[in-house]
Amino acid sequence: MSIYSHLKQLTAVSCVAAALGFSALASADTWRYAHEEYEGDVQDVYAHKFKEYIEDNSEHSLQIYRFGELGESDDIMEQTQAGILQFVNQSPGFTGSLIPEAQIFFIPYLMPTNMETVIEFFRQSKAVNEDFPKLYEEQGLELLKMYPEGEMVMTADEPVTEPADLKGKKIRVMTNPLLSSTYEAFGATPTPLPWGEVYGALQTNMLQGQENPIFWIESGGLYEVSPNLIFTHHGWFTTASMANKDFFDGLSKDDQAMIRDAADYAFNETVKHIRGLAEKSLEKIQASSDDVTVTRLTDEQIAKFKARAPQVEETFYEMTGESGKALLNQFKKDLEAVTN
Ligand code: 6CS
């Protein structure tokens with residue numbers, strides 16, 4: 001058949017499609033993607049880079065919903081599992097209640113402190129890139145990427161230098177049991193809460209502290225109500241982007257590959273964004289408040305917190321059994337591979 005007659009046939013098909021009320025671009029879908037943060041925050045940067053790639057490389061488009069537009073983190077996860085959303089970015093801090101092994105990121109002092117090492121770990125880790133996808137799959141989710149947002153920094157109503165200083169302080173944690181164990185081990189009274197309730201609870205002194213990466217302490221204005229920043233170096237805020245698995249499985253192989261490429265692109269762009277972000281955010285915080293104090297724990301002070309880590313690792317084993325043990329072994333091997 002000549003190209004001309006082929007084109008004519010295609011036009012005829014389009015006319016029939018139009019007559020039946022289908023768009024000639026029937027395969028151009030608008031997908032919905034929700035995340036947990038505000039405009040310009042790390043998850044928002046990732047989401048917009050993901051969108052940019054999809055829209056530049058396919059007929060599809062992406063509608064992004066930020067924190068609060070569709071509810072809390074647990075709400076957007078439920079909507080994704082129900083197929084109302086096609087994509088969601090949810091942090092292990094919340095997913096830990098659904099997938100206990102995701103709590104691995106809350107074993108204190110497991111992750112290195114150097115950002116480049118951490119990034120390399122996320123790129124290369126078998127535990128992250130091969131083992132976790134299987135665990136997410138069991139919950140009807142296609143894991144696309146896990147990525148770091150920034151090092152965790154504690155904030156409190158007064159400076160803290162040792163576990164004894166946390167006695168009697170209610171410290172807000174994300175809603176996973178292992179993070180509560182970490183703060184219990186650190187000597188505090190852990191208080192799990194969804195994000196939306198944190199600022200108000202700190203303001204009214206229902207809480208005396210919390211932990212988050214510096215960019216979030218700045219963008220969420222947490223330093224206004226919890227002005228003493230403590231660099232404990234105990235872990236990284238990690239997050240994850242994923243798709244509803246039935247939706248993903250129903251896509252063409254080309255679209256699936258395009259989405260994986262979009263996730264790679266978004267990861268690389270997000271990594272560029274987080275380099276230097278903590279330093280810039282701290283400068284902004286210090287420029288806007290005279291009440292802020294910064295305590296950087298010495299190695300000796302860190303040792304006192306670190307000494308509490310093994311009991312949290314034990315709790316992780318109790319919560320996850322054989323599966324958690326195998327994952328943690330692999331995780332440690334992967335860490336060794338990038339730190340040596
Ligand atoms: O602390 C929280 O709940 C929030 N922190 C960050 C950095 N991102 C989203 C999350 O909900």
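Remember, predicted model here, so these are calculated numbers, not experimental data. Nothing fancy with the numbering, it's 1 onward along the sequence. Atoms within a ligand are numbered from 1 in the order they appear, just like the ligands themselves. Side-chain atoms are counted along with the backbone in the values below, which use heavy atoms only and exclude waters and symmetry mates.
- Remark: side-chain polar atoms of Asn244 are paired, donor with acceptor, to backbone N or O of Thr80 under 3.5 angstrom.
- The side-chain contact (heavy atoms from CB on, under 4.5 Å) check on Lys304 picks up Glu162, Pro163, with sequence neighbours excluded.
- Not counting sequence neighbours, Tyr136 has no partner by the ring pair (Phe, Tyr, Trp, His ring centres under 6.0 Å) test.
- In this structure, Ile76 is a member of the same hydrophobic cluster as Phe237, with clusters built from ILVMFWY side-chain heavy atoms closer than 4.5 Å.
- One distance of note links CH2 of Trp236 with CZ of Phe105; it measures 13.0 Å at 0.5 Å rounding.
- Listed as neighbours of ligand 1 are Glu36, Glu37, Phe94, Arg172, Met174, Trp195, Asn212, Pro213, Trp216, Phe237, each bearing a heavy atom under 4.0 Å from the ligand.
- Remark: Tyr53 pairs with Asn57, Met258, Asp261, Ala262, Tyr265 by the side-chain contact (heavy atoms from CB on, under 4.5 Å) rule, at least two apart or across chains.
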